[in-house]
Q: 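Submitted below is the structure of interest, expressed as structure tokens.
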There are 2 protein chains.
Amino acid sequence: MGEEIRRALTLEDVASAAGVSRATASRALTGSDTTSTPARERVRAVAERMGYTPNTVARALAGGVGARVVVAASGPAPDVLDDPYMWRVLGATAAACDGEGIGVSLQWLPLDAPASLHRLAADRSVRGVVLVNSTERLLAELPDALRGRVASIGIGSADVPSFDVDNRAGAGAVVRHLHATGRRRIAMLAGPQWLPCSWRSAQVYSEVVQAAGLPVRVLPGDFGFENGRSGALEVLRRWPDTDAIFAICDAAALGAMAALRGLGVQVPGDVAVAGFDDLPVAAWSGPALTTATHPVTRIATGAATAVLAGAPAEGTTWYPSELVLRESA
Amino acid sequence: MGEEIRRALTLEDVASAAGVSRATASRALTGSDTTSTPARERVRAVAERMGYTPNTVARALAGGVGARVVVAASGPAPDVLDDPYMWRVLGATAAACDGEGIGVSLQWLPLDAPASLHRLAADRSVRGVVLVNSTERLLAELPDALRGRVASIGIGSADVPSFDVDNRAGAGAVVRHLHATGRRRIAMLAGPQWLPCSWRSAQVYSEVVQAAGLPVRVLPGDFGFENGRSGALEVLRRWPDTDAIFAICDAAALGAMAALRGLGVQVPGDVAVAGFDDLPVAAWSGPALTTATHPVTRIATGAATAVLAGAPAEGTTWYPSELVLRESA
DNA sequence: CTGAAAGCGCTAACAA
DNA sequence: TTGTTAGCGCTTTCAG
């Protein structure tokens with residue numbers, strides 16, 4: 001014994017080795033109930049020495065809770081799951097859940113089918129849900145059964161704590177930087193109409209630009225490279241004197257840069273380009289992308305932790321969005 | 001009833017509504033055992049109508065299997081988990097497991113601690129393991145308890161089926177393309193020494209280059225942008241007449257391009273640059289990156305499916321690596 | 001503070 | 001083919 005772990009140990013093994021009942025061993029290990037100090041320490045030492053790993057599955061079944069956290073991303077089509085951002089959120093969520101022996105799943109929540117949330121609520125294998133890109137409609141339909149074990153990355157509600165980046169501040173900083181460096185015809189490639197937390201950036205853009213007496217030039221779109229490329233072309237077609245483009249996502253900003261390159265337009269000489277999110281690739285382009293950095297991992301960790309804790313936080317936890325100056329603007 | 005799902009249904013509810021025993025309902029739903037056609041269809045119809053979702057947790061406990069699949073990435077340090085590639089594998093694995101209602105976890109397997117595999121083997125909440133970047137040493141230490149429920153993305157063994165990209169073919173195609181387009185001083189920024197499946201590419205590079213009577217110029221490193229940047233500088237310092245750089249990963253290739261750009265070296269005019277993997281960013285750079293494409297999602301899906309099926313495939317399933325010609329080479 | 005006993009929801013023998 | 005009976009490993013009343 002010691003080195004070699006043969007068949008998996010059960011709590012019973014630990015309990016009998018420590019000379020206590022299974023119930024006491026359980027209490028000692030979970031700390032859920034009072035135990036005498038000596039008993040507790042003995043049980044813990046024995047468990048440690050034997051290399052005991054609690055079976056999360058049995059624990060979940062007995063406790064009446066699920067064994068996985070679902071990252072549920074809403075959007076118009078299932079391909080919202082096919083996205084590096086989602087994978088990153090999933091990775092961070094997995095990291096946060098791993099300590100508890102809990103796995104994660106990734107699912108699509110159709111925008112127009114709030115019932116899909118009820119599926120999750122009815123599934124007793126689900127411990128909790130991390131909502132991504134949620135909408136007010138979806139939040140309004142939140143099943144009672146989910147209350148207290150759901151968190152949102154993006155907008156929240158009275159029942160759903162939210163973990164979000166302060167993109168008002170971030171977008172404002174970007175636009176003000178463009179203005180401060182002499183840009184006077186600033187266009188924005190904004191996000192999807194259906195996504196509330198992407199409106200905020202566009203709104204701030206409009207406010208700042210109007211306050212400076214500059215024209216408002218917004219094009220809605222999505223977060224992708226292709227949208228950035230076509231969006232930039234459209235911007236220059238509609239407003240040829242544009243001297244700066246602020247894209248809602250770095251990928252779109254890179255698309256805009258590619259379009260400008262194709263047109264022989266110098267960045268940042270002729271047109272400045274700024275992104276949003278600070279994806280790793282933002283630092284890799286030539287010229288490197290000026291953007292606002294978002295702590296996606298920390299945000300996802302916060303949301304996952306809230307879900308695991310079960311109905312703690314209320315309201316919104318804001319994470320900073322900070323300007324990162326590189327070469328493109 | 002119908003629309004509103006109140007408290008979660010159990011198999012018992014379905015069984016009694018269908019007028020059969022719980023066992024029969026179970027058999028009808030899982031298809032694990034023979035059931036009369038009318039009974040089976042009745043049970044299924046009732047389950048469907050009531051909106052019954054089996055509790056994966058209870059299922060796993062009763063079946064003596066786990067409820068999550070662990071994506072276990074080996075490497076020298078825990079930061080191997082902090083990698084878009086791992087998140088992508090995790091996402092694909094999650095997608096493959098979602099149908100069965102099982103979650104995924106992401107864990108680090110220290111290179112020098114094969115015992116960490118025993119931890120996973122001893123954890124009864126683990127349904128199976130997808131190994132990423134595994135080494136021969138790790139595979140040799142495979143615990144018996146894991147046999148039949150593990151698959152590897154990368155090298156495999158007699159006990160571990162492997163799902164891998166045919167990077168010999170892909171790397172060969174890249175190098176031959178460089179040669180065919182007139183490059184005669186081709187350097188390679190290779191992968192880590194400890195990672196077997198990255199050796200193959202370097203080996204093929206050497207073979208092709210030697211067969212063509214060209215000099216072998218290899219620098220080991222890792223898959224990162226920074227390594228590509230410093231590697232390219234080192235290449236030009238040691239072999240100033242280099243006219244092509246083949247990097248083991250697109251991120252490194254972009255790093256090399258950034259270094260060359262800083263030096264005022266034209267790509268592909270002075271030096272061609274080729275990557276490997278075909279990450280999304282490969283198409284976004286200026287110039288766009290010539291590389292070899294790898295179906296990471298399909299590979300991960302294959303591995304996850306094998307793990308869920310439980311000990312089906314043996315040997316290696318190869319996935320194609322195909323040359324993608326863009327602008328950089 | 002601790003032990004005995006009753007489940008959590010499901011699958012898998014074992015009978016019928 | 002079906003129902004009955006035991007558990008899977010754990011948490012949690014409920015007594016003691």
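Convention: sequence-line order gives letters A, B, ...; per-chain numbering from 1.
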Q: With sugar-phosphate meaning primed atoms plus P, OP1 and OP2, does Val57(A) contact a base, only sugar-phosphate, or nothing at under 4.0 Å between heavy atoms?
A: nothing

Q: Does anyone know the first and last nucleotide of DNA chain D in reach of chain B, 5' to 3', at under 4.0 angstrom to a heavy atom?
A: dT1(D) to dG9(D)

Q: Assuming nearest nucleotide by heavy-atom distance, tell me which of Thr37(B) and Thr24(A) is located more 5' along DNA chain D.
A: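 Counting from the 5' end, the first nearest nucleotide belongs to Thr37(B).
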
Q: When you check the phosphate oxygens OP1 and OP2 of dT2(C), does a side-chain N or O of Thr35(A) lie under 4.0 Å from one of them?
A: no

Q: Measure the shortest side-chain to side-chain distance between Ser74(B) and Pro110(B) over non-hydrogen atoms and say whether it is less than 4.5 angstrom.
A: no

Q: Does Thr34(A) put a side-chain nitrogen or oxygen below 4.0 Å from OP1 or OP2 of dC1(C)?
A: yes

Q: Heavy atoms under 4.0 Å is the rule here; annotate nucleotides 10-16 of chain C 5' to 3' with B where the base is hit, S where only the sugar-phosphate is, and - elsewhere.
A: BBBB---

Q: Examine distances only and state if a side-chain atom of Arg298(B) and a backbone atom of His294(B) form a donor-acceptor pair shorter than 3.5 Å.
A: no

Q: Can you find a heavy atom in the side chain of Ile102(B) that is under 4.5 Å from one in the side chain of Leu308(B)?
A: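 In short, these two side chains touch, coming nearer than 4.5 Å.
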
Q: Using a strict cut-off of less than 4.0 Å between a Lys/Arg side-chain nitrogen and an Asp/Glu carboxylate oxygen, indicate whether Arg22(A) and Asp13(A) qualify as a salt bridge.
A: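 A salt bridge is absent here (no side-chain N lies under 4.0 Å from a carboxylate O).
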
Q: Kindly indicate whether the side chain of Gln107(B), heavy atoms from C-beta on, has any atom under 4.5 Å from the side chain of Arg119(B).
A: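 Counting from C-beta outward, Gln107(B) and Arg119(B) do come under 4.5 Å.
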
Q: Report the C-alpha separation of Thr317(B) and Asp164(B) in whole Å, then their side-chain angles, then the decisive distance to 0.1 Å, and conclude whether the side-chain contact (heavy atoms from CB on, under 4.5 Å) test is met.
A: CA-CA 6 Å; Thr317(B) 305; Asp164(B) 203 359; over 6 Å; no

Q: Which of these passes side chain to side chain contact (heavy atoms under 4.5 Å, CB included) with Val71(B): Ile153(B), Leu81(B), Val89(B)?
A: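 When side chain to side chain contact (heavy atoms under 4.5 Å, CB included) is applied between Val71(B) and each of Ile153(B), Leu81(B), Val89(B), only Val89(B) qualifies.
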
Q: Ion pair present between Arg88(A) and Asp83(B), side-chain N to carboxylate O less than 4.0 angstrom?
A: no

